[in-house]
Amino acid sequence: MYTLDPKKVPQPDETLDSYIRRLRKDAQISQQHLATMAGIHLQSVGKLERGKTTKLNQKTKTGLARALSIPTEYLEAICSGQPIAEIENYKFCPQCWTPGTEPDSAWTLYRAKYCLLCGSKLRNHCTSCGETLTSFKHKFCPHCGTSYQEKPKKRK
Ligand SMILES: [Zn+2]
Ligand SMILES: [Zn+2]
């Protein structure tokens with residue numbers, strides 16, 4: 001299970017080499033260290049970061065994902081050129097989330113589709129106009145002013 005760190009999500013214009021390099025630098029580890037952690041050759045890391053590798057084999061992918069604490073799906077997405085926008089990182093439960101506060105990490109998990117607390121379907125957009133949520137600091141949709149919270153929270 002991963003707690004999604006927004007900084008670890010591949011950026012829309014990022015390539016595999018710059019992505020790996022960025023995560024490695026963020027983690028403050030050397031190429032040698034990354035290679036050891038991922039169980040791959042130092043040359044492979046070097047080639048990757050020079051943009052010589054565009055496809056990862058399964059071993060490299062799982063090794064790198066483990067070493068960099070990212071889901072392998074990120075690496076798959078960036079290799080296949082899949083739009084990263086499809087990776088929904090700003091997901092929330094319309095019932096449990098209090099807009100303007102930090103979300104429960106259970107919602108931002110890569111594969112989470114439903115709220116673990118109440119079973120509601122998670123969403124990442126405004127119900128009224130469909131604009132995607134861009135910050136958990138927003139309480140209302142910046143486009144149409146609709147509250148992100150579906151119903152007032154029921155207190156027991
Ligand atoms: Zn919920
Ligand atoms: Zn809206």
Side-chain angles (χ1 to χ4, degrees), residues 1-127 130-138 141 148-150:
M1 290 245 281
Y2 298 93
T3 308
L4 193 137
D5 178 348
K7 284 202 304 259
K8 290 192 169 172
V9 179
Q11 300 304 301
D13 54 349
E14 211 162 29
T15 50
L16 182 63
D17 53 311
S18 54
Y19 178 57
I20 300 288
R21 195 165 48 236
R22 178 169 68 83
L23 289 191
R24 181 175 62 75
K25 293 204 167 146
D26 280 354
Q28 298 183 308
I29 52 176
S30 64
Q31 285 191 353
Q32 176 67 67
H33 192 168
L34 177 63
T36 311
M37 280 165 68
I40 56 175
H41 285 291
L42 174 60
Q43 282 105 312
S44 309
V45 176
K47 263 169 77 178
L48 257 172
E49 292 196 5
R50 285 197 307 276
K52 302 268 182 214
T53 312
T54 47
K55 269 202 162 125
L56 302 172
N57 64 33
Q58 198 57 38
K59 180 174 172 272
T60 311
K61 209 158 43 190
T62 47
L64 282 173
R66 194 181 53 231
L68 296 166
S69 320
I70 50 168
T72 48
E73 285 89 344
Y74 284 7
L75 294 169
E76 277 160 16
I78 205 160
C79 289
S80 67
Q82 179 198 352
I84 300 303
E86 286 178 17
I87 296 178
E88 302 168 356
N89 42 345
Y90 286 108
K91 281 182 304 197
F92 58 93
C93 170
Q95 305 287 332
C96 304
W97 181 47
T98 306
T101 63
E102 281 297 303
D104 193 296
S105 60
W107 308 328
T108 46
L109 289 176
Y110 182 72
R111 289 179 197 276
K113 284 195 169 64
Y114 296 92
C115 174
L116 299 177
L117 306 170
C118 73
S120 299
K121 197 169 194 301
L122 300 177
R123 64 162 63 106
N124 68 339
H125 59 270
C126 165
T127 34
E131 272 302 314
T132 318
L133 178 75
T134 52
S135 168
F136 283 118
K137 292 199 177 89
H138 294 161
C141 172
Y148 284 123
Q149 196 167 31
E150 200 157 75

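- Between F92 and F136, the angle of the ring planes goes over 60°, which puts this pair in the perpendicular group of the 30/60° scheme.
- For K52 (side chain) and S44 (main-chain N/O), no donor-acceptor pair under 3.5 Å exists by modelled atom type.
- Atom CD of Q149 is separated from atom CD of Q95 by 8.5 Å, given to the nearest 0.5 angstrom.
- Checked by atom type and distance alone, the side chain of K59 pairs as donor or acceptor with a backbone atom of G39 at under 3.5 Å.
- The shortest distance between side-chain heavy atoms of C96 and S120 does not fall below 4.5 Å.
- In this structure, T62 contributes its side chain and Q58 its backbone to a donor-acceptor pair below 3.5 Å.
- A heavy-atom distance below 4.5 Å is not found between the side chains of H138 and P99.
- Rounded to the nearest 0.5 Å, atoms CG (L56) and CG (L75) are 6.0 Å apart.
- Under the 3.5 Å distance criterion, the side-chain polar atoms of S135 are matched with a main-chain donor or acceptor of K137.
- Considering all non-hydrogen atoms of both residues, V9 and E14 come closest at O-OE1, 4.5 Å.
- Residues H33 and I29 approach most closely at ND1-CG2, 3.4 Å, considering heavy atoms.
- The two residues E131 and C141 make their nearest non-hydrogen contact at CB-SG, 4.3 Å.
- Using a 4.5 Å cut-off on side-chain heavy atoms (C-beta onward), Y148 and C126 make contact.
- Taking every heavy atom of both residues into account, D17 and E49 meet most closely at CB-O, 3.6 Å.
- S18 contributes atom OG, which lies 7.5 Å from atom CG of D13 (distance to the nearest 0.5 angstrom).
- Here CZ of R24 is found 7.0 Å from CG of L34. Values are rounded to the nearest 0.5 Å.
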Q.
Assess the residue pair L64 and L23 against the criterion (side-chain contact (heavy atoms from CB on, under 4.5 Å)); give the C-alpha distance rounded to whole Å, side-chain angles, the decisive distance to 0.1 Å, and a yes or no.
A. CA-CA 10 Å; L64 282 173; L23 289 191; over 6 Å; no
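- Looking at heavy atoms from C-beta onward, I20 lies in side-chain contact with L68 at the 4.5 angstrom threshold.
- Here the closest non-hydrogen pair linking R66 and A38 is NH2-O, 4.0 Å.
- Summarising the geometry, atom OG1 belonging to T60 is positioned 13.5 Å from atom NZ belonging to K55; distances are rounded to the nearest 0.5 Å.
- Looking at T101 and T98, their side chains never bring a donor and an acceptor atom within 3.5 Å of each other.
- Across K61 and T72, no two heavy atoms sit closer than the pair O-CG2, 3.9 Å.
- Separation of atoms CZ (R21) and OG1 (T15) is listed at 7.5 Å; rounding is to 0.5 Å.
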